[in-house]
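Heavy-atom basis, side chains included; hydrogens, waters and symmetry copies ignored. Note that ligands are numbered from 1 as they come in the structure, with each ligand's atoms numbered from 1 the same way.
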Amino acid sequence: MSTSVTWLGAWTPEQGSERVRRLFEARFGDGPADGTWSAPGRVNLIGEHTDYNGGLCLPIALPHRTYVALRRRDDDLVRLVSAQEPAGPREVRLADVAPGAVDGWAGYVVGVAWAMRAAGLPVGGFDVAVDSCVPYGAGLSSSAALEASAAVALDSVFGLGLAGSGDDEGRARLAAMCVRAENEIAGAPTGGMDQAASLRARAGHALLLDCLDGSVRHVPFDLAAHDLALLVVDTRAEHALVDGQYAARRASCEAAAARLGVATLREITVDPRGLEWALDKLDDEVQVRRVRHVVTEIDRVTWFVALLDAGEVDSVGPLMNASHASLRDDYEVSCRELDLVVSTALAAGALGARMTGGGFGGSAIALVRADAVDEVAKAVADAFADADLRAPAFLVATAQAPAA
Ligand code: GLA
């Protein structure tokens with residue numbers, strides 16, 4: 001079959017900066033920006049729907065980044081333009097920012113400024129131009145990349161001093177403000193993994209994030225050294241975190257934790273005295289499955305990291321497959337397209353494959369031999385064409401630097 005394969009390339013930092021610098025000057029027409037900043041999207045290797053349960057997850061920062069050119073103003077007006085939106089600029093007064101008051105992508109940007117001000121930081125108005133090569137709606141955290149790029153830009157122009165490259169504590173604070181922007185201003189009840197990945201990841205490493213205390217460990221992650229590659233498949237299936245499904249999963253976990261008398265499901269260990277006790281105690285069959293996913297998934301992260309530490313990245317495949325099965329059967333957040341990527345990639349020789357991110361569409365990842373990337377991508381594209389599905393898009397993920 002002659003299905004073509006679409007690759008989603010990333011801009012170089014120079015290309016991205018140049019694009020937003022020009023966009024800023026063309027659309028505002030009154031001089032240059034103070035500077036340009038950028039922040040990556042992310043892909044999660046394992047540990048899905050664990051962040052809001054105080055669990056572990058393991059994202060990497062993508063080469064695909066959102067770029068902003070930003071200039072400080074002396075009033076409280078924010079003017080925003082985007083390469084993806086010909087109209088504009090949009091204008092928002094910071095004093096008017098409140099939950100539900102700002103529609104669409106602008107809410108993620110002004111929401112960060114709002115959260116900074118709520119934390120008592122001296123942030124005022126600004127002009128900002130935005131452009132991005134993070135695929136939109138692909139479950140690769142285009143929203144967190146937008147928040148994090150705004151966060152480091154505002155940190156710089158208002159002299160907050162939180163985003164220094166070695167300052168993880170400052171970056172953790174910025175990530176927390178980005179989460180507030182997303183939860184309260186944009187109205188998506190997400191858990192915090194994406195903002196941590198965008199602001200706190202390290203090039204060449206996966207970010208082991210412990211969502212109970214917010215601590216991180218940088219785990220070396222260099223697939224090329226093992227002749228492996230991480231293929232990301234954007235299924236292009238509908239995916240929206242603001243709809244009720246994500247919130248329903250989260251509520252179900254919180255209800256189960258309350259029933260079990262624990263603060264978070266992290267307290268339930270995978271051994272029989274933990275998990276079996278918990279499952280026996282729950283009388284709601286849906287909660288039983290949700291809890292089983294969360295507890296076993298946290299355990300899989302631990303094993304995955306142990307294999308990375310031991311230099312055995314080529315053995316993580318079965319953990320990825322088990323994660324996918326658990327997300328599909330117990331957590332019920334997969335969909336036909338994601339399942340098709342996983343089954344096709346495995347049949348084409350992938351070592352492991354799973355959906356990544358929130359689910360209900362979005363992207364899946366496959367760990368493949370470096371010389372088999374094209375072949376596996378072609379097999380997936382063919383399978384989608386055979387099934388009459390919209391053509392998927394592909395990228396190869398390597399662990400890149402955080403927002404700066
Ligand atoms: C989305 C959310 C994250 C996380 C994942 C699932 O990406 O933004 O906080 O909950 O889903 O792991």
* Proximal atoms of ligand 1 relative to Tyr52 (non-hydrogen, under 4.0 Å) -> 10 (O)
* With a cut-off of 4.0 Å, which atoms of ligand 1 are near a heavy atom of Gly192? -> 9 (O)
* To do: Provide the number and element of each atom of ligand 1 under 4.0 Å from a heavy atom of Thr190.
  => 2 (C), 8 (O), 9 (O)
* Asked: Do the charged groups of Arg93 and Asp76 touch, with an N to O distance under 4.0 Å?
  -> yes
* To do: Pick whichever of Ile46, Asp51, Thr50 has a heavy atom sitting closest to atom 9 (O) of ligand 1.
  => Asp51
* Asked: Got a second to check how far Trp105's CH2 is from Ser132's OG, nearest 0.5 Å?
  -> 11.5 Å
* Any nitrogen or oxygen of Tyr246, main chain or side chain, under 3.5 Å from a nitrogen or oxygen of ligand 1? -> yes
* Structure fact -> For residues 152-165, the side-chain hydrogen bond (donor to acceptor under 3.5 Å, both in side chains) pairs (sequence neighbours left out) are none
* Run down the list Arg249, Met193, Met355, Gln195 and name the one with the heavy atom closest to atom 5 (C) of ligand 1. => Met193
* To do: Considering the heavy atoms of Arg42, write down every atom of ligand 1 situated less than 4.0 Å from one of them.
  => 7 (O)
* Asked: Counting from 1, what ligand 1 atoms have a heavy atom of His49 closer than 4.0 Å?
  -> 6 (C), 12 (O)
* Can a salt bridge be assigned to the pair Lys378 and Asp382 using a cut-off of 4.0 Å between side-chain N and carboxylate O? -> yes
* To do: Please identify which atoms of ligand 1 are closer than 4.0 Å to at least one heavy atom of Gly357.
  => 6 (C), 11 (O)
* To do: Tell me, please, which residues at least two apart from Ala377 pass side chain to side chain contact (heavy atoms under 4.5 Å, CB included).
  => Val5, Trp7, Leu231, Phe394
* To do: Search all heavy atoms of Leu338 against all heavy atoms of Gly361 and return the closest pair with its distance.
  => CD1-O, 3.4 Å
* Which residue, Asp280, Asp283, Asp284, forms the salt bridge (Lys or Arg N to Asp or Glu O under 4.0 Å) with Arg259? -> Asp283
* Asked: Just which atoms of ligand 1 are under 4.0 Å from any heavy atom in Gly191?
  -> 9 (O)
